[in-house]
Amino acid sequence: MLIKDRIENTAETLTSGERKLAAAILSDYPFAGLSSIQELAKHAEVSAPSISRFVTKIGLDGYQDFQRDLIAELKEGHRSPVQLHQAGRSVEEGGYLKDFIAKAASQMAMAADAITEDQFNQICTLLTDQKRCVYVLGGRISDTIAKHLSFHLRQIRKDVFHLPDNPESWPEYLLRMRAGDILYMVDFRRYQPALEALGKTANAERNVRVILMTDKWISPVAKHAHEVMPVPIDSGTLWDTYSAALSVTEAIVTHIAEDNWVQTRDRIKAWDALRLTPKEGEK
């Protein structure tokens, strides 16, 4: 079980001091817990013995055990397909295709539990706000999800920009960003340092609200994000699956479009009228 899940499972039994400690750990997760117990105590404004009692309360044997689990989570978050491959992986009755799709469906159901309805609605509200420009970018592979979001969002509203994958082009977009704008980022394990740097700069220097879609191991971008959506990606095969991420993305753009149907309808009509396709009878 992940450390953050252990903390959430015991949330109702925590004292006020333990809640303060939990907030300090989760606000810079998992890195806050990798410092010495004295440094964490100073940061959270609690005593070292309080940390030891907290670690025991969440079901671990001590601070070293706590840190070992956090380090294991970090390693898991950087595993490559070579490390993920399971030779001789068992397949459920019905064949590989049926087994794979069943696992993908299970991941989608887990995503619905990982993201609360309140958070989902808050993110949709932010992405709908016409006063905010929306900038979108994903990682080397996960940019596929970011592009899916930006394509549909552009048909619903104006001022949606997908950043190019070349970091040399990012200063142009950073200079465009205004306070309160949205930077929507997608970053799954084997996280890219350049994305964290972009999120940090956008948040700290341009006062942009960062929305992050990531996995359960949590991208480092989370340190600079206002909203973090962890979605399951582990398929039990050498490839991570983006089925749940795509489902959440489609739920977001569909909800926004249906809630703003007149605007969406008119924009799609105008969009289609300007598409560079041959008119009937032309070659």
Side-chain angles (χ1 to χ4, degrees), residues 27 111 114-139 142-187 194-214 218-231 245-275:
S27 67
I115 303 168
T116 67
E117 199 68 22
D118 285 344
Q119 184 186 32
F120 174 79
N121 289 330
Q122 173 66 16
I123 289 169
C124 290
T125 298
L126 288 170
L127 293 175
T128 301
D129 189 350
Q130 297 276 353
K131 295 178 182 178
R132 305 175 191 268
C133 294
V134 178
Y135 299 85
V136 184
L137 182 65
S142 58
D143 199 39
T144 302
I145 302 297
K147 286 179 179 177
H148 195 75
L149 175 93
S150 64
F151 176 80
H152 288 288
L153 207 54
R154 285 199 303 269
Q155 294 190 89
I156 299 170
R157 52 158 295 174
K158 63 178 182 177
D159 294 331
V160 178
F161 308 99
H162 186 272
L163 276 66
D165 58 11
N166 181 5
E168 292 296 322
S169 302
W170 295 351
E172 175 190 351
Y173 291 87
L174 285 165
L175 289 171
R176 292 184 196 176
M177 294 177 185
R178 302 167 300 177
D181 282 349
I182 303 296
L183 175 57
Y184 187 104
M185 306 185 78
V186 185
D187 192 27
L195 291 184
E196 182 188 359
L198 175 63
K200 179 180 180 180
T201 301
N203 177 238
E205 298 185 20
R206 308 302 294 178
N207 200 20
V208 166
R209 295 180 69 93
V210 178
I211 298 174
L212 171 67
M213 174 179 281
T214 185
I218 309 295
S219 160
V221 175
K223 291 183 287 185
H224 317 290
H226 292 76
E227 297 286 348
V228 178
M229 293 186 291
V231 295
L246 183 59
S247 295
V248 172
T249 301
E250 291 185 335
I252 289 171
V253 294
T254 303
H255 183 55
I256 293 172
E258 290 182 344
D259 268 14
N260 301 271
W261 169 238
V262 173
Q263 170 190 305
T264 302
R265 179 198 62 196
D266 293 346
R267 186 165 174 83
I268 290 176
K269 285 183 177 179
W271 181 293
D272 286 345
L274 294 173
R275 289 173 62 194

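All residue numbers refer to positions in the sequence shown, counting from 1.
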Heavy-atom side-chain proximity of [X] to [Y] below 4.5 angstrom:
| X | Y | answer |
| --- | --- | --- |
| D259 | T128 | no |
| Y173 | P164 | yes |
| V221 | T214 | no |
| I211 | L126 | yes |
| L212 | S219 | yes |
| L127 | C124 | no |

Scan side-chain atoms only and decide if E227 and Q119 contain a donor-acceptor pair under the 3.5 Å cut-off.
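The criterion, which ignores hydrogens and geometry beyond distance, is satisfied for Q119 and E227.
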
Checking H152 against E250: is there a side-chain donor and acceptor pair closer than 3.5 Å?
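There is no such pair between these side chains.
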
Given the rule in the ring-ring contact (aromatic ring centres under 6.0 Å, His included) test, do H255 and F120 qualify, once you have shown the distances and angles that lead to the verdict?
CA-CA 10 Å; H255 183 55; F120 174 79; 5.5 Å; yes

Tell me which pairs pass salt bridge (Lys or Arg N to Asp or Glu O under 4.0 Å) where either residue lies in residues 165-182, with sequence neighbours left out.
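Output for this query lists E172-R176, R178-D181.
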
For residues 115-139, pull every pair meeting salt bridge (Lys or Arg N to Asp or Glu O under 4.0 Å), keeping only residues two or more places apart or in separate chains.
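For residues 115-139, and leaving out neighbouring residues, the salt bridge (Lys or Arg N to Asp or Glu O under 4.0 Å) pairs sorted by first residue read D129-R132.
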
Let me have the donor-acceptor pairs involving side chains of residues 201-208, under 3.5 Å, with sequence neighbours excluded, atom names and distances please.
from : atom 1 : to   : atom 2 : distance (Å)
T201 : OG1    : A197 : O      : 3.0
N203 : ND2    : V208 : O      : 3.3
R206 : NE     : L174 : O      : 2.9
R206 : NE     : M177 : O      : 3.3
R206 : NH2    : L175 : O      : 3.1
R206 : NH2    : M177 : O      : 3.0

Sequence neighbours left out, what passes side chain to side chain contact (heavy atoms under 4.5 Å, CB included) with P167? Give chain and number order.
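Scan of P167 (side chain to side chain contact (heavy atoms under 4.5 Å, CB included), adjacent residues dropped) gives W170.
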
Locate the shortest heavy-atom distance separating [X] from [Y]; write the atom from each residue and the value.
| X | Y | result |
| --- | --- | --- |
| I218 | P230 | CD1-CB, 4.1 Å |
| M213 | V248 | CE-CG1, 3.7 Å |
| V231 | A245 | CG2-CB, 4.0 Å |
| S142 | V186 | OG-O, 3.0 Å |
| M229 | I115 | CB-CD1, 3.9 Å |
| L183 | G199 | CD2-CA, 4.3 Å |

Tell me, with the steps shown, if D143 and V136 meet side-chain contact (heavy atoms from CB on, under 4.5 Å).
CA-CA 9 Å; D143 199 39; V136 184; 5.9 Å; no

Evaluate L149 against I252 for side-chain contact (heavy atoms from CB on, under 4.5 Å), listing each step before the verdict.
CA-CA 8 Å; L149 175 93; I252 289 171; 4.2 Å; yes

Tell me, please, which residues at least two apart from H224 pass ring pair (Phe, Tyr, Trp, His ring centres under 6.0 Å).
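Testing H224 for ring pair (Phe, Tyr, Trp, His ring centres under 6.0 Å), a comparison that skips the adjacent residues, returns none.
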
H162 and F151: side-chain contact (heavy atoms from CB on, under 4.5 Å), yes or no, with the steps?
CA-CA 9 Å; H162 186 272; F151 176 80; over 6 Å; no

side-chain contact (heavy atoms from CB on, under 4.5 Å) for Q130 and R157? Distances and angles first, verdict last.
CA-CA 7 Å; Q130 297 276 353; R157 52 158 295 174; 3.5 Å; yes

Mind checking salt bridge (charged side-chain N to carboxylate O under 4.0 Å, His left out) for E196 and listing every partner two or more places apart, or none if nothing turns up?
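Salt bridge (charged side-chain N to carboxylate O under 4.0 Å, His left out) list for E196, sorted by chain: K223.
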
Could you tell me whether a side-chain N or O of Q263 sits under 3.5 Å from a main-chain N or O of I156, the two making a donor and an acceptor?
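Between the backbone of I156 and the side chain of Q263 there is a qualifying donor-acceptor contact (under 3.5 Å).
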
Drop me the distance from [X]'s [atom1] to [Y]'s [atom2], to the nearest 0.5 angstrom.
| X | Y | atom1 | atom2 | value |
| --- | --- | --- | --- | --- |
| I145 | K147 | CD1 | NZ | 11.5 Å |
| R154 | D159 | CZ | CG | 12.0 Å |
| D266 | N260 | CG | CG | 11.5 Å |
| Y184 | S150 | OH | OG | 10.5 Å |

